[in-house]
Amino acid sequence: QVQLVESGGGLAQAGGSLRLSCAASGRTFSNSRAAWFRRGPGKEREFVATITPNGGATDVTDSVKGRFTISRDNAKNTVFLQMNDLKPEDTAVYYCAIGRGIWDPRRTTEYDYWGQGTQVTVTA
């Protein structure tokens, strides 16, 4: 069974930066699309960013465009989310996910495996 473990969350001030990591077990990672989702207080889980299996293409939601960058290192079975210019509205639990045969990478239900989540709190 594939296991995903997020790390790098914590407390940041508005305008600051955090880098999240998600380490995957097994050998399926390099063949899988990866994504980050988040769930803020009182909100449903929402799409943040996704990256193709080989890292050749990325997509991010409009609210983080220009601030967040998703990347991956397949040799290390790891996907990253570099978060710059953080805003209080970025406060959420961030989850990484991977999946194969994904047609709509912005949909939660497309992904096969999920991490436990890491808390990101941004203060004003």
Side-chain angles (χ1 to χ4, degrees):
Q1 183 172 309
V2 173
Q3 302 287 336
L4 303 177
V5 180
E6 301 100 332
S7 61
L11 182 67
Q13 295 182 7
S17 298
L18 288 172
R19 189 190 193 209
L20 306 184
S21 298
C22 175
S25 66
R27 288 180 149 183
T28 62
F29 179 81
S30 63
N31 294 320
S32 300
R33 176 179 283 274
W36 290 93
F37 292 80
R38 67 186 182 186
R39 181 157 59 189
K43 300 179 180 179
E44 292 193 359
R45 185 164 46 184
E46 67 172 346
F47 169 80
V48 178
T50 188
I51 188 167
T52 53
N54 68 354
T58 63
D59 188 34
V60 299
T61 193
D62 286 346
S63 63
V64 306
K65 192 168 295 182
R67 300 188 297 117
F68 290 11
T69 302
I70 187 171
S71 61
R72 66 192 297 162
D73 184 346
N74 285 348
K76 297 181 178 179
N77 276 13
T78 303
V79 60
F80 305 96
L81 185 67
Q82 179 67 47
M83 305 185 294
N84 297 325
D85 192 23
L86 285 162
K87 301 177 179 181
E89 50 263 44
D90 296 319
T91 295
V93 177
Y94 284 71
Y95 301 88
C96 68
I98 63 171
R100 302 173 74 174
I102 289 173
W103 298 109
D104 185 354
R106 289 173 172 251
R107 294 189 65 87
T108 300
T109 54
E110 295 279 350
Y111 293 87
D112 302 308
Y113 302 101
W114 291 81
Q116 83 286 357
T118 185
Q119 176 70 48
V120 171
T121 302
V122 184
T123 62

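When reading the values below, keep in mind they use all heavy atoms of this one structure, side chains included, and skip hydrogens, waters and symmetry mates.
- Between the side chain of N31 and the backbone N or O of T28 there is no donor-acceptor pair closer than 3.5 Å.
- S25 contributes a side-chain N or O that, together with a main-chain N or O of Q3, makes up a donor-acceptor pair within less than 3.5 Å.
- Around CZ of R107, the count of heavy atoms belonging to other residues, nucleotides or ligands within 6.0 Å does not exceed 12.
- Exactly one of L11, L18, L86 qualifies for a side-chain contact (heavy atoms from CB on, under 4.5 Å) with V122. That residue is L86.
- Between the side chain of E6 and the backbone N or O of G117, at least one donor-acceptor pair lies under 3.5 Å.
- Using a 4.0 Å cut-off between charged nitrogen and carboxylate oxygen, D62 and K65 count as a salt-bridge pair.
- Checked by atom type and distance alone, the side chain of N77 pairs as donor or acceptor with a backbone atom of G26 at under 3.5 Å.
- Within the 3.5 Å criterion, the main-chain N or O of T52 finds a donor-acceptor partner in the side chain of R72.
- The main-chain N or O of V60 is found under 3.5 Å from a side-chain atom of R106 such that the two form a donor-acceptor pair.
- Remark: the backbone N or O of P53 is paired with a side-chain donor or acceptor of N74 at under 3.5 angstrom.
- No chain of hydrophobic side-chain contacts below 4.5 Å, direct or via other Ile, Leu, Val, Met, Phe, Trp or Tyr residues, connects F47 to F68.
- Taking the six-membered ring where the residue is Trp, W114 and F37 present tilted rings, their angle falling between 30° and 60°.
- Between the side chain of R67 and the main chain of S63, a donor-acceptor pair closer than 3.5 Å is present.
- Note that CD1 of I51 and CH2 of W36 are 11.5 Å apart. Values are rounded to the nearest 0.5 Å.
- Judged by distance alone, the side chain of T50 and the main-chain N or O of A34 form a donor-acceptor pair under 3.5 Å.
- Residues that satisfy the side chain to side chain contact (heavy atoms under 4.5 Å, CB included) test with Y113, not counting sequence neighbours, are V2, L4, I98.
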